[in-house]
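We use all heavy atoms of the structure for the numbers below, so side chains are in, but hydrogens, waters and symmetry mates are not. So you know, we letter chains A, B, ... as the sequences are listed, proteins then strands, and number each from 1.
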Amino acid sequence: MTTDSKISTTRRHVTRRKVLAGALGATTLAVGGRALAQSQEVIVATTGGLMERSLQEHFYKRFEAQTGIKVRSVPIELPDQWARARAGQRSGNIPFDVVTATPPDLIQHADILEPIDCAGLPGIVANALPNACFPRGIIRTAGGMALTWSKKAFPNGGPQSWADFFDVQKFPGPRSLPDTGDREWWVPLAALLADGVAPDKAFPLDIDRAYKKLDALKPQVAAWWKSGDNAMQIMRGGDAVMMMVYSSRSVPLAKSGDFDFTWNQAIRDVGNWAVLKGSPNVANGIKFLDFFVQDGKEHVAFSEKVSFDSNNREAPNLVPPEERRFRPSWPENWSRLVIADYDWIAANRNALRERWVTWLTK
Amino acid sequence: MTARPKAWLLGGRHYSTAASLALAAPFLVLALVTFILPLASLLHESLFLPAPTLTHYQRALTEPVYLRVMLRTLRIAAAVTVLTLILAWPLAWVMARSSGLKLAVLVASVLLPLWTSVLVRTYAWMVLLQKNGVVNQLLIGSGIIDQPLTLLYTEGAVVLAMSHVLLPFMVLPIYSALRGIPEDYGRAAQMLGASEWATFREVIFPLSLPGVTSGCLMVFLLALGFFVTPALVGGPRQMMIATLVSQQVREMLDWSFAGALVGVLLAFVLLLVLIFKRAVRLDRFVGSA
């Protein structure tokens with residue numbers, strides 16, 4: 001209560017100063033700059049739900065307590081986030097400081113992202129996973145698009161690869177695939193792996209070959225899921241016996257006992273943090289990123305909730321042995337993930353999307 | 001001396017044009033800022049960016065995929081209109097002939113769903129219709145079928161869920177039209193020898209037409225722009241035009257083409273309202289309900 005009122009007083013004060021600085025014009029630019037640097041807020045956009053609640057609990061609150069910078073959390077789907085970030089860039093009214101970015105996003109939207117000085121940020125230098133800080137972003141969460149199935153439908157052992165997923169003779173039953181996020185390359189990539197292409201030879205994607213394989217499976221796809229909740233609902237409701245879904249959803253399904261999943265050929269699915277160039281609180285955004293990677297214990301607790309691994313080098317050693325099977329970053333699991341060529345995807349994304357949308361609508 | 005309402009409360013003809021405009025101004029400003037300007041900018045984008053062109057409209061009107069989505073949208077909207085009309089008329093009739101607690105319960109049962117989030121109601125339909133869902137379990141439990149039916153992700157599911165969401169928009173106008181019919185009319189018709197069916201056909205139903213037409217128009221137009229329900233209850237094969245527009249805006253970032261799709265839909269809706277107005281002579285009913 002007292003903290004709240006204190007923060008709001010400070011904020012009002014800052015606002016008044018900004019207005020004053022604006023009114024006084026160019027001579028007071030320095031004052032205006034100082035007022036901005038002292039802004040007591042950072043606006044973070046993430047996909048809502050469990051992810052947002054868990055971030056709140058393990059990172060936002062601690063960040064507020066330790067720095068006095070208030071985190072304003074905005075739940076938004078990724079396509080909307082980028083559409084608004086782009087529109088904001090056009091109108092000069094940038095809506096967020098920190099955004100969520102997939103690896104191709106980091107490349108595709110590099111022109112509107114603030115550069116990150118990986119070597120100059122003490123928290124990142126001391127705590128981030130190796131190779132988890134990039135020129136325009138840092139890893140937030142890591143998992144995979146994993147093949148998940150119902151143990152009731154396949155009591156004698158479920159599918160183990162994308163080839164099995166596409167084999168409706170050996171494993172009959174309705175399938176479910178994503179129609180959200182990065183499906184325009186996830187799904188064709190899985191189709192190529194199913195068609196016998198080696199993971200390290202999959203890029204550049206042979207799109208025609210992938211869609212030929214997908215054409216054959218399409219009649220068996222009973223449901224195209226729109227969100228993680230939706231996907232779990234489809235599996236539990238029995239509308240599909242197997243699906244490609246975020247490992248963060250496969251893990252709770254597997255823990256419930258009726259379902260299982262494999263890390264084999266799961267497509268590595270990384271979520272990054274990035275900061276929008278020219279956003280209202282750029283400095284606080286960077287500060288938040290540097291703060292995020294610290295404190296292994298919080299990362300372990302956070303990972304347990306969202307079933308994704310996160311970015312802290314101490315955390316994997318703190319995971320209990322019985323949990324390791326569910327952790328993508330555990331070496332045995334990590335080595336089985338398929339890593340995409342993000343540069344190629346970013347360069348071909350519009351064509352990939354166009355193809356996907358037309359194919360799906362047909 | 002009895003207090004009489006002031007002249008300006010009695011009817012429109014007492015207002016000067018300026019006064020009318022002043023009273024309507026807040027709404028007009030709101031409509032301009034939140035609806036007309038954004039729409040105009042989107043349509044402008046579809047025609048003039050980066051250079052004046054009709055290619056976006058050409059694409060929207062000639063690609064079979066987009067045409068199919070548009071036709072499907074019309075078909076689903078029409079089916080929803082018919083289904084809600086069939087469900088709503090008897091309900092509105094019962095409501096119009098009820099009073100007291102019965103009326104309160106009926107009105108509440110129409111309005112409560114209206115105040116519940118569309119998303120919640122859509123998820124409820126998913127729970128009902130899925131393979132292991134309530135409907136399938138009831139059917140299997142009672143021995144009517146032995147294999148679960150595919151109910152979800154079908155056009156039927158889309159029509160059903162949308163009708164549920166839009167039902168209040170049909171019930172309320174019909175209810176208010178029926179409410180305006182004096183009970184004597186029905187009695188008079190029957191005293192003159194009309195059967196129950198003839199009374200309904202010749203007297204009651206025609207008098208309810210203003211409500212029926214405004215209900216149909218409202219449900220049809222709302223259904224054309226429906227988004228969440230078809231996206232969740234249906235699949236790609238049930239995609240409607242709103243989903244297509246949002247896909248173009250959110251994923252393809254192709255505002256020009258989205259604008260063209262919106263333009264085509266808007267032109268179609270305006271045409272439809274014009275035809276509708278001609279066909280049922282909407283103006284004839286204005287003020288009679």
Between these two chains, chain B and chain A, I want each donor-acceptor atom pair under 3.5 angstrom written on its own line with its distance.
| from | atom 1 | to | atom 2 | distance (Å) |
| --- | --- | --- | --- | --- |
| B/Arg59 | NH2 | A/Glu354 | OE2 | 3.3 |
| B/Lys131 | N | A/Asp239 | OD1 | 3.4 |
| B/Lys131 | N | A/Asp239 | OD2 | 3.3 |
| B/Asn132 | N | A/Gly237 | O | 2.7 |
| B/Arg250 | NE | A/Asp80 | OD1 | 2.5 |
| B/Glu251 | O | A/Arg353 | NH1 | 3.0 |
| B/Glu251 | OE1 | A/Arg183 | NH2 | 2.5 |
| B/Glu251 | OE2 | A/Arg183 | NH2 | 3.4 |

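Neither the backbone nor the side chain of A/Ala87 comes within contact range of chain B; no heavy atoms are under 4.5 Å apart.
The most heavy-atom pairs under 4.5 Å with chain B, out of A/Ala240, A/Ala83, A/Pro174, A/Gly237, come from A/Gly237.
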